[in-house]
Amino acid sequence: MAKSRSSPTLTIAAGALDWTGVRTQRVTYEPSATIFAQGSPATSVMYLENGAVRLSVLSHAGKEAVVAVLDANHFFGEGCLAGQTLRMATATAMAPSTILAVEKSEMVRQLHARPAFADCFLAHMLTRNIRIEEDLIDQLFNYSEKRLARTLLLLARYGEPEASHRALPKVSQEVLAEMVGTTRSRVNFFMNKFRKLGFIDYNGTLKINNSLLSVVLRD
């Protein structure tokens with residue numbers, strides 16, 4: 001069950017984002033808890049302070065697709081700022097997670113009043129847009145083994161100094177299959193292959209080595 005308390009003043013050094021003066025609601029969620037559901041009213045923007053969150057979409061036929069797995073220092077639910085009245089996806093905690101919820105009107109006010117805050121949010125949106133374009137290209141032109149390798153590297157935040165052997169949030173092979181657009185059996189096959197080649201380590205926790213990049217770069 002979610003636990004909530006007010007957080008009127010908060011500075012998050014990890015994200016270089018100053019929340020001083022921003023009216024927020026700080027909420028903690030246990031694993032598997034629903035943060036918001038597809039089709040529910042979209043009235044606030046969320047910021048993931050710590051933990052991991054899965055965003056998934058359910059089709060009219062009942063088929064679920066995972067569209068993103070987020071870790072700390074990411075915004076989500078920002079569609080309300082662009083006129084979305086209902087949530088387009090379901091957000092689910094994958095680990096103990098702390099969320100900052102900012103009501104739409106407060107977020108709009110802060111974006112207009114504080115250029116530095118607006119710059120941080122704009123940088124997030126531009127990064128998200130680039131990621132969506134790259135995901136589309138990946139889905140259109142790359143085979144499933146390369147798509148899986150890229151997904152694992154992105155989840156491990158490849159390129160960041162501390163991420164050379166980074167442990168991933170707990171992600172099942174079913175979720176990875178939905179993210180990559182393939183079957184669980186194919187994901188299992190490639191994960192075993194990656195482990196034998198030393199690209200990943202698994203001993204209760206999945207760790208991604210930067211050497212996995214060779215799969216993405218291979219023609």
Side-chain angles (χ1 to χ4, degrees), residues 1-30 33-58 65-137 154-155 157-163 169 179:
M1 178 179 293
K3 301 177 182 179
S4 169
R5 63 184 179 86
S6 297
S7 178
T9 303
L10 180 64
T11 300
I12 301 179
L17 190 58
D18 183 9
W19 292 95
T20 303
V22 182
R23 291 195 299 270
T24 67
Q25 190 75 10
R26 191 170 187 262
V27 188
T28 58
Y29 293 90
E30 296 301 319
T34 298
I35 300 166
F36 58 72
Q38 182 176 336
S40 61
T43 60
S44 59
V45 177
M46 308 288 187
Y47 184 83
L48 179 55
E49 184 180 15
N50 57 63
V53 170
R54 181 182 73 214
L55 300 179
S56 59
V57 176
L58 193 65
V66 176
V67 295
V69 172
L70 308 176
D71 57 6
N73 305 316
H74 281 84
F75 285 100
F76 61 104
E78 65 273 19
C80 65
L81 299 176
Q84 288 182 0
T85 57
L86 300 176
R87 299 293 188 189
M88 302 299 290
T90 294
T92 307
M94 300 178 65
S97 301
T98 303
I99 308 292
L100 297 180
V102 187
E103 289 299 313
K104 175 184 175 180
S105 58
E106 174 68 5
M107 191 71 178
V108 170
R109 186 177 73 84
Q110 294 293 334
L111 291 174
H112 285 140
R114 300 173 60 188
F117 187 85
D119 286 346
C120 286
F121 185 73
L122 178 60
H124 155 77
M125 293 304 298
L126 292 173
T127 301
R128 174 76 62 87
N129 188 62
I130 291 170
R131 170 72 181 273
I132 291 172
E133 291 179 350
E134 291 175 342
D135 285 348
L136 178 59
I137 293 170
L154 287 171
L155 289 174
R157 302 179 78 168
Y158 169 79
E160 297 185 9
E162 69 277 11
M179 294 179 69

For residues 112-120, dump all side-chain donor-acceptor pairs below 3.5 Å to protein atoms at least two apart in sequence or in another chain.
unit_1: His112; atom_1: ND1; unit_2: Val108; atom_2: O; d: 3.2
unit_1: Arg114; atom_1: NH1; unit_2: Thr20; atom_2: O; d: 3.1
unit_1: Arg114; atom_1: NH1; unit_2: Gln110; atom_2: OE1; d: 3.2
unit_1: Arg114; atom_1: NH2; unit_2: Asp18; atom_2: O; d: 3.0

Solution key, residues 95-102 side-chain donor-acceptor pairs under 3.5 Å, sequence neighbours excluded:
unit_1: Ser97; atom_1: OG; unit_2: Ala52; atom_2: N; d: 3.2
unit_1: Ser97; atom_1: OG; unit_2: Ala52; atom_2: O; d: 3.2
unit_1: Ser97; atom_1: OG; unit_2: Ala95; atom_2: O; d: 2.7
unit_1: Thr98; atom_1: OG1; unit_2: Asn50; atom_2: OD1; d: 3.2

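For the pair His124 and Glu78, the minimum side-chain heavy-atom distance is below 4.5 Å. In this structure, Arg23 and Glu106 have side chains that are in contact, with non-hydrogen atoms separated by less than 4.5 Å. Counting heavy atoms from C-beta on, the side chains of Asn73 and Tyr47 come closer than 4.5 Å.
Note that the CE atom of Met88 and the CG atom of Leu55 stand 12.5 Å from one another [nearest 0.5 Å]. Note that CE of Met46 and CG of Leu70 are 12.5 Å apart. Values are rounded to the nearest 0.5 Å. Summarising the geometry, atom CG belonging to Leu154 is positioned 8.0 Å from atom CE belonging to Met179; distances are rounded to the nearest 0.5 Å.
For the residue pair Phe36 and Ala89, the shortest heavy atom distance occurs at CE1-O, 3.3 Å. When all heavy atoms are compared, the tightest approach of Arg87 to Ser44 is NH2-O, 2.9 Å.
Using cut-offs of 30° and 60° for the angle between ring planes, the Phe75 and Trp19 rings count as tilted.
Between the side chain of Thr90 and the main chain of Gln38, a donor-acceptor pair closer than 3.5 Å is present. Checked by atom type and distance alone, the side chain of Arg54 never pairs as donor or acceptor with a backbone atom of Val66 at under 3.5 Å.
Partners of Glu103 according to the salt bridge (charged side-chain N to carboxylate O under 4.0 Å, His left out) rule, which considers only residues two or more places apart in sequence or in another chain, do not exist here.
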>> As a quick check of understanding, evaluate side chain to side chain contact (heavy atoms under 4.5 Å, CB included) for Leu81 and Leu111, giving each step before the final call.
In response: CA-CA 11 Å; Leu81 299 176; Leu111 291 174; 4.2 Å; yes
> Run the side chain to side chain contact (heavy atoms under 4.5 Å, CB included) check on Met94 and Val69 step by step: do they pass?
Replying inline: CA-CA 9 Å; Met94 300 178 65; Val69 172; 3.7 Å; yes
> Do Tyr29 and Val53 pass the side chain to side chain contact (heavy atoms under 4.5 Å, CB included) test, and can you show the C-alpha distance, the side-chain angles, and the key distance before you say yes or no?
Replying inline: CA-CA 10 Å; Tyr29 293 90; Val53 170; over 6 Å; no
>> Test side chain to side chain contact (heavy atoms under 4.5 Å, CB included) on Ser40 and Leu86; report intermediate values, then the result.
In response: CA-CA 5 Å; Ser40 61; Leu86 300 176; over 6 Å; no
